[in-house]
Amino acid sequence: YQGKRGTANVVVYAGGETGHPHQWLVVQAELRHALERDELVLFYQPKIAVASGEISGVEALVRWQHPHRGLLPPGEFLPAAEHSGLIVPLTEWVLRRALADQTTWTEQGHDWPLSVNVSARNLEVPDFPRYVRDVLAATGAAPHRLTLEVTETALASDKGTVARTLTELGELGVGISVDDFGTGYTSLSHLRGLPITEIKIDRAFVADVARDPQSQAIVRSVIELAHGLGSRATAEGVETVEVSEWLAAAGCDEAQGYLFGRPAPWPQIAGAPLSEGAG
Ligand code: C2E
Ligand code: CA
Ligand code: CA
Ligand code: CA
């Protein structure tokens with residue numbers, strides 16, 4: 001498969017990384033076929049507005065329906081996709097499919113904004129904003145109902161190109177979310193000047209927040225930081241009522257986690273309980 005952006009080359013394993021080189025090349029070759037044969041599937045996880053308890057959006061999370069190995073989580077194939085450059089056409093597939101699904105649920109009366117995860121690799125492609133604009137136009141989706149989630153680490157990867165790409169995406173009206181906040185090595189100065197609309201607090205800090213004073217201090221200051229930047233604060237990995245109540249009291253805007261719903265194929269989102277990994 002040759003991605004339209006032209007970066008879907010086979011990477012010669014350079015060593016020094018974790019994992020097995022042979023296995024990676026196998027995964028890369030298979031993944032290329034998976035894109036051609038439409039073996040990837042999207043699951044969606046709801047986001048909840050903390051104040052109202054209502055669904056405030058959904059995040060698309062990719063899986064691979066592998067012909068022999070079953071349904072694979074992203075951790076099984078995204079590292080190989082990142083290394084080979086296949087992440088670029090993969091993300092484009094996710095965007096197209098997720099926006100098409102959003103059109104369907106909008107027709108069914110669900111006005112949910114959509115969040116899509118984007119790799120640093122995508123942000124290094126100068127015409128990525130134009131791609132996003134074209135897909136939005138093709139599906140008729142409203143830019144303000146799309147948020148692209150970028151990991152904190154990606155923000156630091158190549159300041160010039162990434163910042164320019166994010167600025168252009170912001171100008172389109174698309175939301176920009178900083179994912180896994182608190183786990184990367186980004187200095188706060190990387191956030192300055194970027195059109196950030198949301199900060200997602202990594203679940204490492206959220207898990208213990210009902211009990212652990214240090215987690216509480218960190219989560220409180222990230223909420224304050226988000227609000228100071230004019231962004232929403234979203235907590236991920238909310239698994240208990242205690243955590244949810246603590247977040248509500250702390251003024252967190254949105255929350256996501258198994259407490260509210262696991263990732264599921266989209267027709268199941270509206271009706272809890274959701275299935276993946278349950279029981
Ligand atoms: P992420 O963007 O931080 O997504 C959240 C991950 O945490 C998801 O794992 C989700 O299933 C899981 N999760 C949600 N709620 C809870 C909870 O309450 N407790 C626990 N323990 N886990 C929870 P998943 O689906 O395996 O995705 C892993 C990562 O793979 C994502 O982390 C994201 O970085 C990446 N990813 C997934 N889909 C895509 C995609 O389409 N494109 C790109 N570039 N990356 C993706
Ligand atoms: Ca995410
Ligand atoms: Ca995250
Ligand atoms: Ca994560």
Side-chain angles (χ1 to χ4, degrees), residues 3 31 34-35 39-48 57-65 71-99 101 113-125 128 132 135 146-155 157 175-184 197-210 222 232-244 247 254-266 269 272-278:
L31 196 50
L35 278 165
E39 289 173 3
L40 299 181
V41 291
L42 290 185
F43 276 34
Y44 293 98
Q45 185 180 33
K47 301 176 69 186
I48 303 297
V58 289
E59 177 178 1
L61 294 160
V62 71
R63 274 97 183 90
W64 179 2
Q65 188 63 62
L71 191 67
L72 301 180
E76 296 266 330
F77 59 92
L78 284 186
E82 289 275 352
H83 271 239
S84 62
L86 279 171
I87 191 70
V88 172
L90 187 151
T91 299
E92 293 174 354
W93 180 91
V94 171
L95 257 178
R96 285 196 304 276
R97 175 58 54 88
L99 284 167
D101 286 348
L114 168 71
S115 295
V116 170
N117 293 284
V118 163
S119 158
R121 292 279 203 125
N122 295 102
L123 302 178
E124 289 160 4
V125 176
F128 183 63
V132 172
V135 182
L146 173 66
T147 292
L148 300 178
E149 298 194 0
V150 180
T151 61
E152 187 194 355
T153 313
L155 289 184
S157 73
I176 304 295
S177 173
V178 184
D179 206 350
D180 299 347
F181 190 82
T183 60
T197 54
E198 175 185 54
I199 291 183
K200 292 186 90 167
I201 309 165
D202 194 81
R203 72 165 178 266
F205 306 110
V206 174
D208 298 327
V209 84
V222 178
R232 300 186 307 280
T234 299
E236 31 176 52
V238 178
E239 297 186 356
T240 66
V241 173
E242 290 72 28
V243 167
S244 171
L247 292 167
E254 294 183 36
Q256 206 175 359
Y258 294 167
L259 177 66
F260 308 110
R262 290 174 183 259
W266 71 268
I269 298 170
L274 301 170
S275 56
E276 190 191 53

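All ligand and atom numbering here is 1-based and tracks the order in the structure.
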Presence of N, O or S from N117 under 3.0 Å of the Ca ion (ligand 2): yes
Ligand-residue contact atoms, ligand 1 with E239, heavy atoms, under 4.0 Å: 17 (C), 18 (O), 19 (N), 20 (C), 21 (N)
Proximity to ligand 1 by part of L78, non-hydrogen separation under 4.0 Å: side chain
Residues L90, L78; criterion side chain to side chain contact (heavy atoms under 4.5 Å, CB included); working and verdict: CA-CA 9 Å; L90 187 151; L78 284 186; 4.2 Å; yes
Ligand 1 contact by P263, heavy-atom criterion under 4.0 angstrom: yes
Any donor-acceptor N/O pair, R97 side chain to V41 backbone, under 3.5 Å: no
Those atoms of ligand 1 less than 4.0 Å from some heavy atom in D180: 3 (O)
Contact atoms of ligand 1, heavy-atom distance to E59 under 4.0 Å: 2 (O), 4 (O)
Atom of D180 closest to the Ca ion (ligand 3), considering N, O or S atoms: OD1
Chi angles and distances behind the side chain to side chain contact (heavy atoms under 4.5 Å, CB included) call for D180, E152: CA-CA 6 Å; D180 299 347; E152 187 194 355; 5.6 Å; no
Best match, N117, T240, V94, V118: closest heavy atom to atom 33 (C) of ligand 1: N117
Residue E59 atom name (nearest to the Ca ion (ligand 2); N/O/S): OE2
Option nearest atom 12 (C) of ligand 1 (shortest heavy-atom distance, choices E149, R203, E236): R203
Heavy-atom side-chain proximity of F205 to V222 below 4.5 angstrom: no
Closest D179 atom to the Ca ion (ligand 2) [N, O or S only]: OD2
Proximal atoms of ligand 1 relative to P74 (non-hydrogen, under 4.0 Å): 24 (P), 25 (O), 26 (O), 27 (O), 28 (C), 30 (O), 37 (C)
Of P73, P263, P74, the residue whose pairing with F43 passes side chain to side chain contact (heavy atoms under 4.5 Å, CB included): P263
Worked check of side chain to side chain contact (heavy atoms under 4.5 Å, CB included) between N117 and E59: CA-CA 8 Å; N117 293 284; E59 177 178 1; 2.8 Å; yes
Per-residue contact class, L42 against ligand 1 - non-hydrogen pairs under 4.0 Å: neither
Interfacing atoms of ligand 1 (cut-off 4.0 Å, heavy-atom, V238): 18 (O)
Residues in side-chain contact (heavy atoms from CB on, under 4.5 Å) contact with S244, at least two apart in sequence or another chain: V238, L259, F260
E149 N/O/S atom closer than 3.0 Å to the Ca ion (ligand 3): no
T234 versus Q256, side-chain donor and acceptor atoms under 3.5 Å: no
Side chain to side chain contact (heavy atoms under 4.5 Å, CB included) evaluation trace for V62 with L42: CA-CA 5 Å; V62 71; L42 290 185; 4.0 Å; yes
Contact with ligand 1 for R63, non-hydrogen, under 4.0 angstrom: yes
Numbered atoms and elements of ligand 1 in range of Q45, under 4.0 angstrom, heavy atoms: 14 (C), 15 (N)
Check ion pair R232-E198 (N to O, under 4.0 angstrom): yes
